[in-house]
J.: 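If you scroll down you'll find the structure; I have some questions about it.
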There are 2 protein chains.
Amino acid sequence: MLSSPEYIEKLRKSGLRPTKQRIKICQVLFDTKKTFHFTISDLVKLIETKANEKISLATVYNTIHAFEKKGYLKEISINSSQTYFDTNTTNHHHFFDEKQKELIDLEDIDVDPVKIKKTIPGKKIKSVEVLVKIDSE
Amino acid sequence: MLSSPEYIEKLRKSGLRPTKQRIKICQVLFDTKKTFHFTISDLVKLIETKANEKISLATVYNTIHAFEKKGYLKEISINSSQTYFDTNTTNHHHFFDEKQKELIDLEDIDVDPVKIKKTIPGKKIKSVEVLVKIDSE
DNA sequence: ATACCAGTTTATAATGATTCTAAAGTATTT
DNA sequence: AAATACTTTAGAATCATTATAAACTGGTAT
Ligand SMILES: [Mn+2]
Ligand SMILES: [Mn+2]
Ligand SMILES: [Zn+2]
Ligand SMILES: [Zn+2]
């Protein structure tokens with residue numbers, strides 16, 4: 001669990017001013033060994049409960065997009081009404097339960113490497129994401 | 001190329017009344033050997049140009065969701081501001097160019113079968129979708 | 001310390017895709 | 001033809017996200 005001075009350092013190194021809002025969001029997102037998935041509204045609730053503080057919605061959006069751009073978060077490709085983010089920035093895939101709206105990590109060992117045999121002239125592959133939709137049986 | 005009476009038949013068999021709006025949308029979507037990907041606004045434009053007709057936006061949404069429910073269309077899982085649909089309802093994967101907002105089919109032979117080695121108790125797999133994001137090189 | 005500036009936060013408005021509403025229209029059944 | 005259930009429609013509502021622009025703050029120079 002990193003304390004405030006360490007996030008301050010991390011933010012500065014990224015060229016982001018260490019404001020109290022950004023530090024608080026770092027604590028909520030990164031003060032845990034386990035990575036997790038969240039939407040903006042999940043995060044707003046987490047800030048209110050876990051941190052007992054209020055950060056304006058615009059700042060939450062701004063910060064999450066800044067962190068995403070710096071590579072501290074990943075956006076997950078699912079066609080849902082809300083965007084999902086992931087504090088696990090390694091290459092990995094997901095189960096998605098559309099009813100419960102829950103994402104579950106598939107570690108690399110859980111999925112054989114996906115080999116793409118087709119190429120598009122002038123285009124390069126940026127990412128390969130596998131989404132496994134699941135449902136109660 | 002199916003003519004109107006054949007869509008009428010197809011719609012009736014599906015329990016959908018063959019209205020002139022639904023028949024028109026069938027023609028725009030299915031009167032071609034090639035399958036394709038589209039958003040609702042793409043489709044509205046296609047109806048206006050290809051069919052030189054106007055169908056209310058609510059009806060276009062209603063019809064597309066009815067067709068999707070009947071299995072004549074598939075919704076594609078990408079995190080875009082608009083939902084993408086596919087007239088190719090076979091199991092297949094996609095390239096997605098986020099800049100050009102273009103989807104390209106990956107046929108089954110283009111991707112090795114994706115083997116998922118993890119199971120979630122009480123859950124069954126509904127679909128496995130691979131999304132390959134590409135970019136100009 | 002004080003002043004300054006660029007970057008940041010904030011409340012609020014705007015946007016845009018999608019869904020809802022309820023009235024008018026239409027296909028099918030009786 | 002009349003009755004009925006289904007469908008279309010314009011317009012309003014919803015809701016996640018982005019834009020705006022004024023107030024605020026961290027860092028730096030004086
Ligand atoms: Mn983003
Ligand atoms: Mn749908
Ligand atoms: Zn994940
Ligand atoms: Zn396709």
Side-chain angles (χ1 to χ4, degrees), chain A residues 4-5 7-28 37-48 51 53-70 72-73 75-85 98 101, chain B residues 4-5 7-28 37-48 51 53-70 72-73 75-85 98 101:
Chain A
S4 198
Y7 290 126
I8 290 173
E9 188 62 12
K10 183 182 171 176
L11 288 166
R12 278 221 189 82
K13 277 185 182 156
S14 311
L16 298 171
R17 283 196 186 165
T19 63
K20 78 176 177 333
Q21 292 85 349
R22 285 172 175 163
I23 293 164
K24 187 52 66 186
I25 291 174
C26 279
Q27 288 169 339
V28 171
H37 308 107
F38 64 93
T39 63
I40 295 293
S41 62
D42 290 339
L43 180 54
V44 167
K45 276 177 213 127
L46 275 176
I47 293 164
E48 282 168 5
E53 211 152 322
K54 191 193 168 293
I55 299 178
S56 83
L57 190 56
T59 298
V60 176
Y61 273 100
N62 289 341
T63 303
I64 291 313
H65 286 132
F67 287 3
E68 185 195 5
K69 195 168 290 178
K70 295 297 176 186
Y72 303 143
L73 290 172
E75 197 176 308
I76 296 173
S77 287
I78 47 178
N79 189 18
S80 173
S81 60
Q82 286 168 276
T83 299
Y84 280 77
F85 295 91
E98 287 180 303
K101 301 222 166 296
Chain B
S4 197
Y7 290 126
I8 289 173
E9 187 63 13
K10 183 181 170 176
L11 288 166
R12 277 221 189 83
K13 277 183 183 157
S14 310
L16 297 171
R17 286 190 184 170
T19 62
K20 78 177 180 328
Q21 293 83 352
R22 285 173 176 163
I23 293 164
K24 187 53 66 186
I25 291 175
C26 278
Q27 289 170 339
V28 170
H37 308 107
F38 65 93
T39 63
I40 295 292
S41 63
D42 290 340
L43 179 55
V44 167
K45 277 178 213 125
L46 275 177
I47 293 164
E48 281 168 6
E53 212 153 320
K54 190 192 168 294
I55 298 177
S56 84
L57 190 58
T59 298
V60 176
Y61 273 101
N62 289 342
T63 302
I64 292 312
H65 285 132
F67 287 4
E68 185 196 5
K69 195 169 289 179
K70 295 296 176 186
Y72 303 143
L73 290 173
E75 197 175 309
I76 297 172
S77 287
I78 48 178
N79 189 17
S80 172
S81 60
Q82 288 168 276
T83 299
Y84 280 77
F85 295 91
E98 286 179 305
K101 302 222 165 295

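Hydrogens, waters and symmetry mates play no part in the numbers below; they use all other heavy atoms, side chains included. Protein chains get the first letters and strands the later ones, always in sequence-line order, with residue 1 at the start of each.
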J.: Between L57(B) (CG) and dT21(C) (C1'), how many Å, whole number?
T.: 15 Å
J.: Within this structure, what is the CG-to-P distance between L11(A) and dG7(C), rounded to whole angstrom?
T.: 16 Å
J.: Between dT26(C) atom C1' and R12(B) atom CZ, what is the distance in whole Å?
T.: 13 Å
J.: Do N62(A) and T59(A) have side-chain N/O donor and acceptor atoms under 3.5 Å apart?
T.: no
J.: For S41(B) and dA17(C), is the shortest distance between a side-chain N/O and OP1 or OP2 below 4.0 Å?
T.: no
J.: Side-chain contact test, heavy atoms from C-beta onward, threshold under 4.5 Å: evaluate it for S41(B) versus Q82(B) and give yes or no.
T.: yes
J.: Over how many whole Å does the gap from I55(B) atom CD1 to dT8(D) atom C1' extend?
T.: 10 Å
J.: For a quick check of understanding: with a heavy-atom distance under 4.0 Å over all strands, which category does S81(B) fall into, base, sugar-phosphate or nothing?
T.: sugar-phosphate
J.: Kindly say if K54(B) contacts the phosphate of dA10(D), meaning a side-chain N or O under 4.0 Å from OP1 or OP2.
T.: yes
J.: To the nearest Å, give me how far apart CD (Q82(B)) and P (dC15(D)) are.
T.: 20 Å
J.: Rounded at 0.5 Å granularity, tell me how far CG in L43(A) sits from CD in E48(A).
T.: 10.0 Å
J.: Kindly say if Q21(B) contacts the phosphate of dT9(D), meaning a side-chain N or O under 4.0 Å from OP1 or OP2.
T.: yes
J.: Has the side chain of Y84(A) got a donor or acceptor atom that lies under 3.5 Å from a matching backbone atom of K101(A)?
T.: yes
J.: OP1 or OP2 of dT18(D) sitting under 4.0 Å from any side-chain N/O of H65(A)?
T.: yes
J.: Using modelled atom types and a 3.5 Å cut-off, is there a donor and acceptor pairing between side-chain atoms of R12(A) and backbone atoms of P18(A)?
T.: no
J.: Between dT9(D), dA11(C), dA27(C), which one does the side chain of S56(A) approach most closely?
T.: dA11(C)
J.: Just the rounded figure in Å: distance from P of dC15(D) to OH of Y61(A).
T.: 13 Å
J.: Has T19(B) got a side-chain N or O lying under 4.0 Å from the OP1 or OP2 atom of dA27(C)?
T.: no
J.: So if I take every side-chain heavy atom of R17(B) and compare against dT18(C), dT17(D), dT28(C), which nucleotide ends up nearest?
T.: dT28(C)
J.: Taking for each residue the nucleotide of DNA chain D with the nearest heavy atom, is it K20(A) or I40(A) whose nucleotide lies nearer the 5' end?
T.: I40(A)
J.: Tell me: NZ of K69(A) to C1' of dT8(C), nearest whole Å?
T.: 15 Å
J.: How do T63(A) and L16(B) order along DNA chain C: which one's closest nucleotide is nearer the 5' end?
T.: T63(A)
J.: Roughly how many Å is it from CG in N62(B) to C1' in dT19(C), rounded to a whole number?
T.: 9 Å
